[in-house]
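Data first, discussion second: the structure below is written as structure tokens.
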Protein chains: 2
Amino acid sequence: MNMNERKKKILAAIIQDYIQTAEPVGSRTISRKYNLGVSPATIRNEMADLEDLGLIEQPHTSAGRIPSDLGYRYYVDYLMEPEQLTPSQEELILRSYENKSQEIGKILVKTGQLMSQLTNYTSIVMAPRRGKPSKIKHIQLISMAPTQAMLIVVLDNGSVHHQVIDVGESISQADLEQVSKVLNAKLAGLDMQKIRLTILNEIYFELARYKIFMDAALGLLEDSQGSGNEDKIYLGGVYNMLNQPEFHNIEKVKTLLSLLEQEDVLQQILINFQGEGLTVKIGVENNCEEIKDCTMITATYKLDDEVLGSIGVLGPTRMEYAKVIAIVDHMAKVLNQVMNRLTRIPR
Amino acid sequence: MNMNERKKKILAAIIQDYIQTAEPVGSRTISRKYNLGVSPATIRNEMADLEDLGLIEQPHTSAGRIPSDLGYRYYVDYLMEPEQLTPSQEELILRSYENKSQEIGKILVKTGQLMSQLTNYTSIVMAPRRGKPSKIKHIQLISMAPTQAMLIVVLDNGSVHHQVIDVGESISQADLEQVSKVLNAKLAGLDMQKIRLTILNEIYFELARYKIFMDAALGLLEDSQGSGNEDKIYLGGVYNMLNQPEFHNIEKVKTLLSLLEQEDVLQQILINFQGEGLTVKIGVENNCEEIKDCTMITATYKLDDEVLGSIGVLGPTRMEYAKVIAIVDHMAKVLNQVMNRLTRIPR
DNA sequence: TGTTAGCACTCTAAGGCATTGAGTGCTAAA
DNA sequence: TTTAGCACTCAATGCCTTAGAGTGCTAACA
């Protein structure tokens with residue numbers, strides 16, 4: 001790509017101006033506002049070249065230029081000056097996590113809120129996903145009422161599932177302890193597949209008395225595999241988008257919102273970008289018709305070296321790239337710390 | 001209110017037509033489409049009366065009439081013919097709850113989805129709220145890894161809270177059993193306030209060794225009081241609203257969405273309507289500027305006789321009242337059954 | 001007395017048309 | 001290579017006209 005210094009400056013000027021004003025940028029504007037020391041005519045010539053290169057476009061003949069997806073890409077890769085968070089932003093973030101409950105869900109919600117608040121775009125936060133099927137670590141029965149027992153199943157990934165069971169007959173805590181022991185002996189260390197496929201019949205036979213507990217435990221396991229907190233997507237600041245001039249068109253809002261309501265699709269998009277650390281997907285790079293006018297900036301968060309999930313910000317391609325990149329990057333780092341501070345979940 | 005039969009028929013016709021078309025209804029339309037056996041001129045005279053009564057309004061001189069909030073109110077209270085769900089709708093609902101996990105969150109999400117799908121409006125589902133502070137039913141420690149223990153706290157309301165604790169030193173399952181016993185003996189049956197205010201110092205002194213577990217348990221309790229699943233609001237079909245012509249105006253969408261993002265405000269609105277069974281709040285009756293053009297239809301769901309929360313549908317005042325009322329009412333009943341089918345949580 | 005036909009009147013929506021102004025590309029001169 | 005000048009393009013704006021829907025009023029009618 002044949003880009004001299006002046007072209008770069010002009011492209012940067014166009015993009016910066018357009019990001020600010022959301023209006024097509026003309027040659028006069030650039031020559032007036034950005035001191036390039038050349039006349040509008042010269043800039044016009046350069047702009048014609050930039051258009052040939054596919055970096056900028058003209059909405060119609062008598063309008064100024066707007067950056068193309070490719071133009072933004074070039075800007076992000078080569079022209080943009082990295083930004084830092086302001087001290088007040090950093091402080092806001094720090095304060096937000098103080099006194100925060102240990103609950104993962106709340107932390108993720110807060111993270112999303114912060115991102116949308118700081119960027120004025122929409123934030124997307126993906127709940128942690130776990131890889132392999134989990135094994136039963138421990139089963140415990142607790143008497144809740146004469147005929148009712150609370151079944152608790154602890155998995156080795158650190159998740160806990162529970163359900164109250166009505167046993168029909170009165171049953172003592174001591175009895176329940178006994179049942180717990182038996183169930184533990186038989187089931188601990190197994191994942192659901194194993195239980196289902198190989199040992200089920202045997203145990204059922206042996207533990208016929210405890211069928212009701214077995215069934216409940218298996219039901220819980222099944223639920224937990226399917227997804228509990230997992231696969232959840234937290235959105236924040238959706239309505240920030242409506243303040244963007246590009247979404248003054250109802251149709252666009254509709255397609256965007258309909259996408260955002262489909263958690264599974266979002267999940268898939270995020271997962272596709274995952275594993276590359278911080279990613280910036282501009283317009284069509286998202287490979288998704290519904291957000292072909294949007295840029296998504298995502299980063300992953302981890303525990304130790306395992307990637308747990310992604311967080312990201314979705315906004316129009318006309319986005320304050322430097323600022324948002326700084327924020328998403330920072331938030332991912334903070335989230336890493338917070339996840340580590342939550343007492344470790346052993347695997 | 002001086003309403004003869006013909007006025008009632010005309011009002012009903014205006015409202016039904018307007019609900020269908022979203023266009024102001026003129027006298028000619030009514031005389032043509034609804035067989036009242038009178039000429040447009042007569043209808044005009046009656047319409048003038050209805051306008052004096054405040055039941056209908058004119059957007060401008062040369063337009064037809066549209067119902068006012070008061071008009072809808074009269075319609076709902078006196079004119080509307082109750083509807084039933086269609087068999088296919090009922091079946092859809094039934095099928096949706098089959099094979100549904102026992103998890104309350106998922107059931108509520110599904111309920112919201114169903115309501116928005118069936119009505120084409122936005123659904124709002126409030127998670128169950130509990131009344132009195134909960135007491136500790138059982139505390140259990142489980143060894144997860146050499147230096148890590150899972151703390152599980154079961155409350156008497158049937159909720160379970162858990163956290164992994166890093167103990168620093170290696171600790172055996174037997175030790176943990178021992179600690180569990182002690183903690184249970186001291187803490188079971190108490191709610192957090194009691195623990196905090198009266199016994200804390202004593203126990204701390206006595207159980208200095210177990211401080212780390214105590215702290216974690218208290219932390220969990222605190223979290224759970226604050227709200228876990230509670231106070232959560234599930235929204236569904238928000239973007240359905242964008243298909244309504246009244247929301248082709250971006251400003252209205254903005255105010256609506258900004259309201260829907262404030263869970264606490266929604267919560268408050270729902271709680272205010274609660275306890276009256278099925279409620280229909282039309283336009284300004286909502287006492288809320290942001291949704292003064294919307295109607296909210298809510299119903300409560302219960303366990304035994306205790307009201308747990310509300311579900312509802314939010315749409316434009318130009319709403320298919322009979323249909324939506326039937327659906328919300330039905331869904332509340334179904335939800336009651338489902339909640340009861342989930343094994344009872346003793347109090 | 002209630003109903004209706006007729007008619008003048010009002011007001012929005014839509015279309016046509018000229019004007020404005022921002023911005024371009026091209027050409028020729030510096 | 002840069003720039004001034006200029007003709008050209010095209011969306012946006014404002015103004016005007018027209019069409020059409022609907023009303024309220026009046027007077028005639030049953």
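Per chain, numbering begins at 1; letters A, B, ... match sequence-line order. Just so it is clear, the structure is predicted and the values come from calculations on it, not from any experiment. The figures here come from the full heavy-atom set of this structure, side chains too, leaving out hydrogens, waters and symmetry mates.
- With sequence neighbours excluded, no residue satisfies side chain to side chain donor-acceptor pair (under 3.5 Å) with A/S116.
- Among the heavy atoms of the strands lying under 4.0 Å from B/A41 is at least one base atom, whether or not backbone atoms are also near.
- Here the side chain of B/N4 pairs a donor or acceptor atom with the backbone of B/R6 at under 3.5 angstrom.
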Under-3.5 Å N/O pairs linking protein and nucleotides 28-30 of chain C:
none

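- With no hydrogens or angles considered, a side-chain donor-acceptor pair links B/T42 and B/S39 at under 3.5 Å.
- One atom, CD of A/E57, and another, P of C/dG23, lie 18 Å apart when rounded to the nearest Å.
- Listed by residue number, the members of residues 9-21 of chain A with any heavy atom below 4.0 angstrom from DNA chain D form an empty set.
- Atom-to-atom, CZ of B/R44 to C1' of C/dT3 comes out at 12 Å; the value is rounded to the nearest Å.
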Return all side-chain donor-acceptor pairs below 3.5 angstrom for residues 82-92 of chain B, not counting sequence neighbours, or 'none' if the list is empty.
unit_1: B/T86; atom_1: OG1; unit_2: B/S88; atom_2: OG; d: 3.2
unit_1: B/T86; atom_1: OG1; unit_2: B/Q89; atom_2: N; d: 3.1
unit_1: B/Q89; atom_1: OE1; unit_2: B/T86; atom_2: N; d: 3.0
unit_1: B/E91; atom_1: OE2; unit_2: B/R95; atom_2: NE; d: 3.3

Table please: side-chain donor-acceptor pairs of residues 289-297 of chain B below 3.5 Å, with sequence neighbours left out.
unit_1: B/D293; atom_1: OD2; unit_2: B/K252; atom_2: NZ; d: 3.4
unit_1: B/T295; atom_1: OG1; unit_2: B/Y321; atom_2: OH; d: 2.7

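- Checking the phosphate oxygens (OP1, OP2) of C/dT4, a side-chain nitrogen or oxygen of B/S39 falls inside 4.0 Å.
- More than 12 heavy-atom neighbours from other residues, nucleotides or ligands sit within 6.0 angstrom of NZ on B/K7.
- Helix-axis bend for the helix from C/dT1-D/dA30 to C/dA30-D/dT1: the local axis fitted to the five terminal pairs at one end deviates from that at the other end by 20°, rounded to 10°.
- Residues of residues 24-37 of chain A having a heavy atom closer than 4.0 Å to DNA chain C, listed by number: A/G26, A/S27.
- Partners of A/N249 under the side chain to side chain donor-acceptor pair (under 3.5 Å) rule, at least two apart in sequence or in another chain, do not exist in this structure.
- With hydrogens and angles ignored, the 3.5 Å screen pairs no side-chain donor or acceptor of B/D17 with any backbone N or O of B/I14.
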Give each protein N/O atom lying under 3.5 Å from an N/O atom of nucleotides 9-13 of chain C, with the pair distance.
unit_1: C/dC11; atom_1: O2; unit_2: B/S62; atom_2: OG; d: 2.8

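- To the nearest 0.5 Å, the span separating CE on B/M126 from OG1 on B/T298 amounts to 10.0 Å.
- With A/Y78 as the aromatic partner, A/K8 does not meet the cation-pi criteria of under 6.0 angstrom to the ring centre and within 45 degrees of the ring axis.
- Within 6.0 Å of the NZ atom in B/K323, the count of heavy atoms belonging to other residues, nucleotides or ligands exceeds 12.
- For DNA chain D, the contact window with chain B, defined by any atom under 4.0 Å from a protein heavy atom, covers D/dA21 to D/dG24 in 5' to 3' order.
- Looking at every heavy atom in both residues, B/P24 comes nearest to B/I66 through CA-CG2, 3.8 Å.
- Rounded to whole Å, atom C1' of C/dG2 lies 12 Å from atom NZ of B/K7.
- With sequence neighbours left out, the side chain to side chain donor-acceptor pair (under 3.5 Å) criterion links A/E51 to A/R65.
- Separation of atoms OH (B/Y74) and CG (B/L53) is listed at 9.0 Å; rounding is to 0.5 Å.
- Going from atom CZ of A/R318 over to atom CD of A/E23 covers 9.5 Å, rounded to the nearest 0.5 Å.
- A donor-acceptor contact shorter than 3.5 Å links the side chain of A/D69 to the backbone of A/V284.
- Judged purely by distance below 3.5 Å, without hydrogens or angles, the side chains of B/S310 and B/Q274 pair a donor atom with an acceptor atom.
- For A/N120, the side chain to side chain donor-acceptor pair (under 3.5 Å) test picks out no residue, with sequence neighbours left out.
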